[in-house]
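Okay, structure first, notes after.
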Amino acid sequence: MMKRKEHEKGSLEAIPLKKKMVTHHQKQVFCDESKDNGVGSGDKSPGKKLKNWYSLIRSQRFVASYYAAKPSRFVAAFTNSVFGKPERLFIMSGEEEEGTSSLVANLDMTIPSVTLPHGSAKFSSVHGFLACFDLSKFIICNPSTGQVITFHCKATGTSLGYDPVDDQFKALTQVTSIYAHNPSSMVHEVITLGRGGVVSRTQVTSPPHHPLTMGRCINGFIYYAAWAPIFGATPVFVCFDVIHERILSFITTPKDVMLRGAFTLLIEYKGKLAVVVPDCSKFGLSFNRFYLWILEDATKHEWSKQTFELPLSLPFSPAAGERLISQGTNKAGDIVFSPTTLPGRAQPFYVFYFNPDTKNIRRVRVHGVADTEEFWSRYGLTGICRASFSPQHADSIASL
């Protein structure tokens, strides 16, 4: 049998390999007997064995196989009200059950002195890690391992990306102020992460633009909505190449895609950048129709548009717990809508799963997301609590 060996630059070389078959996670997988990893009987050094085991479980391939064997998983995060004390970020997650009307979330971790920002998408899920920013403070955590990394950025609006070639996480933040007077170019900082913190900081430049949204990482690229060259001018999506650390392009975008401005909702749909645009023209504070814009070709700047009618109206009001947005799809391809705040003190938390093929929608109650009086009292929750829901989280045992 043959195995492909991955090199630093991403080239692949076929090499002969003797393998044996073992059972793992109820799947048949092959282990390398001929290569001495320090894991088998070829190396008796405990230190080298531990080091090589760490490298193995940290590798992208191992993490990907671990995730593929697990069911679809969701993660929910929320914080106390804007002026509530103490400030604390709560992260809960659970496994999704197909066709059910009820899901159970478990409290994974809490992070003190952190609050979610105002806006639609409040945190991002990237390759098993969650990221959010609190003013100039950027927080990255892994709910599965409990690891938390916090560092300061030179500006707000930092986005997390993942380099699938070198298996590295990188953060992108804009250094040049959006209030700068007619800059000829914009300066961005690329922060490479590893070894439990910041490994390096480098700077890249781009043509002038006015960012509107947080970034969404898809297949090694970070996308975010912006106006170029100034606010209110041409709507574009900025594409940052995480692997080569450069602003790759400005993707021209129909104005209707960014109808919601800073509340534009970027999602990944079947491996492509997409935007969900609710149509509130008929009901004002609710919608029973939405448009799904999909970036079909980033090079040619080609978009497609699909229109979906909902069998019921979903709220889109600024009132507490009454604005439903979509932050993505689950593994089955359902577009999931969730509230931007907790619905109220000890009130049930509901999300809606819409199937684009059958056009059916189901309401699902998520138990355990601050839905009891005992939970609110124990943690001192008050007022309107900002919330965010990611329907497809890549549960990971990796660490930075």
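None of these values were measured; they are calculated from a predicted model. Residues take their numbers from the sequence shown, with the count starting at 1.
- Residue Phe354 is grouped with residue Ile267 when hydrophobic side chains (ILVMFWY) are merged at heavy-atom distances under 4.5 angstrom, including chains of intermediate members.
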(message) Please evaluate residues Leu89 and Phe123 with respect to the criterion side-chain contact (heavy atoms from CB on, under 4.5 Å), reporting the C-alpha separation (whole Å), side-chain torsions for both, the decisive distance (0.1 Å), and the verdict.
(response) CA-CA 11 Å; Leu89 176 67; Phe123 77 86; over 6 Å; no

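- Pairs passing the side chain to side chain donor-acceptor pair (under 3.5 Å) check and including a residue from residues 226-241, sequence neighbours excluded, read Asp241-His244.
- A salt bridge links Lys272 with Glu296: the closest approach of a Lys/Arg side-chain nitrogen to an acidic carboxylate oxygen falls below 4.0 angstrom.
- When side chains are defined from C-beta on, Trp303 does not count as touching Ile294, because their heavy atoms never get closer than 4.5 Å.
- Put simply, OH on Tyr224 and SG on Cys217 are 13.5 Å apart, with the number rounded to the nearest 0.5 Å.
- Note on Phe290 and Ile325: same hydrophobic cluster, where clusters join Ile, Leu, Val, Met, Phe, Trp and Tyr whose side-chain heavy atoms are under 4.5 Å apart, directly or indirectly.
- Judged purely by distance below 3.5 Å, without hydrogens or angles, the side chains of His188 and Ser206 pair a donor atom with an acceptor atom.
- Taking a 6.0 Å sphere around CZ of Arg195, one finds it holds 12 or fewer heavy atoms contributed by other residues, nucleotides or ligands.
- Proximity of a side-chain donor or acceptor of His209 to a complementary backbone N or O of Pro207 within less than 3.5 Å is detected.
- With ring centers used as reference points, Tyr353 lies 6.0 Å or more from Phe74.
- Within the 4.5 Å cutoff, no side-chain heavy atoms of Asn360 are placed close to those of Arg362.
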(request) Might you work through the side-chain contact (heavy atoms from CB on, under 4.5 Å) test for Tyr379 and Leu107, ending with a clear yes or no? (result) CA-CA 12 Å; Tyr379 291 103; Leu107 180 61; 3.4 Å; yes

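- With hydrogens and angles ignored, the 3.5 Å screen pairs no side-chain donor or acceptor of Asn106 with any backbone N or O of Gly94.
- Counting heavy atoms from C-beta outward, Ile139 and Ile149 have side chains that stay 4.5 Å or more apart.
- A donor-acceptor pair is defined here as one N or O able to donate and one able to accept, closer than 3.5 Å; no such pair exists between the side chain of Trp376 and the backbone of Thr382.
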(request) Output, in order, the C-alpha distance, side-chain angles, deciding distance and verdict of side-chain hydrogen bond (donor to acceptor under 3.5 Å, both in side chains) for His127 and Ser396. (result) CA-CA 7 Å; His127 207 68; Ser396 173; over 6 Å; no

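- Although no hydrogens or angles enter the test, the distance criterion places a donor-acceptor pair under 3.5 Å between the side chain of Arg216 and the main chain of Leu266.
- Closest of all the heavy-atom pairs between Cys239 and Tyr223 is SG-CE2, 3.7 Å.
- Here OG of Ser313 is found 11.0 Å from CG of Leu324. Values are rounded to the nearest 0.5 Å.
- Between Lys170 and Glu245 the shortest heavy-atom distance is NZ-OE2, 3.0 Å.
- A pairwise comparison of heavy atoms in Phe352 and Ile361 identifies CB-CD1, 4.0 Å as the closest pair.
- Counting only distance, with no hydrogens or angles, the side chain of Ser326 and the backbone of Val336 share a donor-acceptor pair below 3.5 Å.
- Transitive grouping of hydrophobic side chains (ILVMFWY, heavy atoms separated by less than 4.5 Å) keeps Phe151 and Leu172 in distinct clusters.
- Residue Arg345 comes nearest to Leu381 through the heavy atom pair NH1-O, 3.1 Å, listed as atom of the first residue, atom of the second, then distance.
- One hydrophobic cluster, built from ILVMFWY side chains closer than 4.5 Å, cannot hold both Phe240 and Leu193; they sit in different ones.
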(message) If you apply the rule ring-ring contact (aromatic ring centres under 6.0 Å, His included), what do you find for Phe90 with Phe375, and how did you get there?
(response) CA-CA 11 Å; Phe90 299 84; Phe375 188 98; 5.8 Å; yes

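- Between the side chain of Ser159 and the backbone N or O of Met214, no donor-acceptor pair lies under 3.5 Å.
- Taking the side chain as every heavy atom from C-beta outward, Asp256 and Val277 never approach each other to under 4.5 Å.
- Between Phe231 and His210, the ring planes are perpendicular. Angles over 60° get that label, and only those under 30° would be called parallel.
- Within 6.0 Å of CD on Gln306 lie more than 12 heavy atoms contributed by other residues, nucleotides or ligands.
- Of the possible donor and acceptor atoms, one in the side chain of Gln392 sits under 3.5 Å from a partner among the backbone N and O of Thr329.
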(message) One pair to check against side-chain contact (heavy atoms from CB on, under 4.5 Å): Leu265 and Arg260. What are the steps and the verdict?
(response) CA-CA 8 Å; Leu265 307 174; Arg260 298 292 170 184; over 6 Å; no

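- Counting only heavy atoms from C-beta outward, the side chains of Phe287 and Phe337 approach each other to under 4.5 Å.
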(request) Verify side-chain contact (heavy atoms from CB on, under 4.5 Å) between Ile140 and Phe169, making sure each step is shown before the conclusion. (result) CA-CA 10 Å; Ile140 304 173; Phe169 288 86; over 6 Å; no

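- With rounding to the nearest 0.5 angstrom, the CZ atom of Arg289 is 7.5 Å from the OG1 atom of Thr307.
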(request) Carefully, step by step, assess Gln327 and Ser338 under the rule side-chain hydrogen bond (donor to acceptor under 3.5 Å, both in side chains). (result) CA-CA 8 Å; Gln327 288 189 248; Ser338 60; 4.7 Å; no

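- In terms of heavy-atom proximity, Ser185 sits nearest to Thr176 at O-OG1, 4.3 Å.
- Side-chain contact check for Arg88 versus Pro112: some heavy-atom pair is nearer than 4.5 Å.
- Looking only at distances, no side-chain donor or acceptor of Asp371 sits under 3.5 Å from a matching main-chain atom of Phe349.
- With hydrogens and angles disregarded, a donor-acceptor distance shorter than 3.5 Å links the side chain of Thr213 to the backbone of Ala225.
- If you run side-chain contact (heavy atoms from CB on, under 4.5 Å) between Ile251 and each of Thr299, Leu273, Leu295, only Leu295 comes through.
- Looking at Leu248 and Phe221, their side chains come closer than 4.5 Å, going by heavy atoms from C-beta outward.
- Note: the hydrophobic cluster containing Val187 does not contain Val204 (ILVMFWY, side chain heavy atoms under 4.5 Å, direct or indirect links).
- Checking Arg201, Gln203, Gln174 one by one against Glu189, the side-chain hydrogen bond (donor to acceptor under 3.5 Å, both in side chains) holds for a single residue, Arg201.
- In terms of heavy atoms, Met109 sits closest to Gly146 at CE-O, 3.7 Å.
- Checked against Tyr162 for a side-chain contact (heavy atoms from CB on, under 4.5 Å), the options Asn219, Val126, Val242 give a single hit: Val126.
- Atom OG1 of Thr205 and atom CE of Met186 lie 11.0 Å apart (nearest 0.5 Å).
- Thr173 has its side chain out of reach of Phe133: every pair of non-hydrogen atoms, C-beta onward, lies at least 4.5 Å apart.
- Atom CG of Leu130 is separated from atom OG of Ser124 by 7.5 Å, given to the nearest 0.5 angstrom.
- Taking SG of Cys132 as the reference point, atom CD1 of Ile91 lies at 7.0 Å (rounded to 0.5 Å).
- A donor-acceptor distance shorter than 3.5 angstrom exists from the side chain of Asn142 to the backbone of Ala398, with no hydrogens or angles considered.
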